[in-house]
Amino acid sequence: MKTFKMLSFDLVTKDGIQTFPLVDGIIINQENSHQSWILELFMERQYRSTFQHLLEKAAVFNVRAVISFPDNEPAPFQVAVHTIQEIGEHISVLLKGKLKTKRSKYAEQLLAELLAEGVSLDNLLDRFSHDMKERPKLKND
């Protein structure tokens, strides 16, 4: 097994990306025959209802997480809520799932979209730098 620090976490919905601020988080690659991953989100209790709803529906859903370094491309996972545990004023949400095999080349896709939008050369670098930090959902993502 390998454990990684999770720096940010996003829920991918049909309406876009919903970011959840983390108090802390880890990701575990179980390195088993099922290629299973565990994501543990430690966050404010106010987010419980979102994950409780997903748990009750037994939903499988897409998420992205930035692992280890802030400049890393978000890793895409397909997960389900396994447990939710209250710990003081916080909750621990345990997600289990798989790393999606299709890793997008975010920078290349972003650049292609900006060029397709017709962003002027004068604005291209600023817009590219801004979007690389903000990581908006791409059309092909």
Side-chain angles (χ1 to χ4, degrees), residues 1-87 89-141:
M1 277 197 275
K2 291 182 182 168
T3 304
F4 306 92
K5 173 87 170 149
M6 185 180 347
L7 302 178
S8 71
F9 177 83
D10 300 322
L11 177 63
V12 180
T13 67
K14 64 180 189 260
D15 299 323
I17 303 293
Q18 184 177 2
T19 299
F20 289 87
L22 299 174
V23 174
D24 204 358
I26 61 168
I27 296 180
I28 301 169
N29 178 353
Q30 292 189 292
E31 297 184 323
N32 59 19
S33 61
H34 302 290
Q35 299 177 336
S36 303
W37 291 71
I38 297 172
L39 289 73
E40 184 177 14
L41 318 171
F42 188 64
M43 57 181 41
E44 300 293 328
R45 190 184 299 165
Q46 72 191 46
Y47 303 110
R48 181 182 183 117
S49 62
T50 299
F51 294 97
Q52 187 67 44
H53 177 71
L54 293 166
L55 177 63
E56 289 167 2
K57 285 180 26 180
V60 174
F61 52 96
N62 294 319
V63 301
R64 331 181 293 183
V66 174
I67 302 170
S68 301
F69 300 102
D71 292 336
N72 282 348
E73 181 177 330
F77 293 90
Q78 190 168 51
V79 297
V81 177
H82 183 67
T83 59
I84 302 169
Q85 182 71 42
E86 288 196 18
I87 302 173
E89 296 298 314
H90 298 89
I91 58 170
S92 169
V93 179
L94 205 62
L95 308 173
K96 291 187 176 184
K98 295 183 182 267
L99 180 65
K100 290 173 72 175
T101 53
K102 179 191 163 256
R103 276 295 293 259
S104 65
K105 301 276 188 198
Y106 190 86
E108 290 88 345
Q109 286 182 349
L110 174 61
L111 182 58
E113 282 191 17
L114 293 174
L115 292 172
E117 278 179 31
V119 174
S120 72
L121 289 177
D122 292 338
N123 295 328
L124 186 60
L125 183 57
D126 289 338
R127 183 76 187 279
F128 181 79
S129 296
H130 174 268
D131 287 0
M132 282 300 292
K133 288 180 185 156
E134 295 297 317
R135 301 272 183 180
K137 183 168 174 54
L138 300 175
K139 292 175 187 142
N140 293 332
D141 202 5

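- Applying the salt bridge (Lys or Arg N to Asp or Glu O under 4.0 Å) definition to pairs two or more places apart or across chains, those involving residues 29-39 are K2-E31.
- Residues V12 and V63 have side chains not in contact (no heavy-atom distance under 4.5 Å, counting atoms from C-beta outward).
- A75 approaches L99 most closely through the heavy-atom pair CB-CD1, 4.0 Å.
- K57 meets the salt bridge (charged side-chain N to carboxylate O under 4.0 Å, His left out) test with no other residue; sequence neighbours excluded.
- Judged as a side chain to side chain contact (heavy atoms under 4.5 Å, CB included), and not counting sequence neighbours, the contacts of I87 are F42, Q85, S92.
- With sequence neighbours left out, the side chain to side chain contact (heavy atoms under 4.5 Å, CB included) criterion links R45 to E86, E89, I91.
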Would you give me the side-chain donor-acceptor pairs under 3.5 Å for residues 76-84, sequence neighbours excluded?
none

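- A side chain to side chain donor-acceptor pair (under 3.5 Å) check over residues 11-20, counting only residues at least two apart or in different chains, returns the pairs D10-T19.
- When side chains are defined from C-beta on, N32 does not count as touching M1, because their heavy atoms never get closer than 4.5 Å.
- The side chain to side chain donor-acceptor pair (under 3.5 Å) check on T3 picks up nothing, with sequence neighbours excluded.
- Residues forming a ring pair (Phe, Tyr, Trp, His ring centres under 6.0 Å) with F61 (at least two apart in sequence, or on another chain): none.
- Scanning for side chain to side chain contact (heavy atoms under 4.5 Å, CB included) contacts around S49 gives an empty result, with sequence neighbours left out.
- Partners of I38 under the side chain to side chain contact (heavy atoms under 4.5 Å, CB included) rule, at least two apart in sequence or in another chain, are I28, Q30, L94, K96.
- For F51, the ring pair (Phe, Tyr, Trp, His ring centres under 6.0 Å) test picks out F20, with sequence neighbours left out.
- Qualifying salt bridge (charged side-chain N to carboxylate O under 4.0 Å, His left out) partners for E56, counting only residues two or more places apart in sequence or in other chains: none.
- Contact of the L95 side chain with the F9 side chain is registered, since non-hydrogen atoms from C-beta on lie closer than 4.5 Å.
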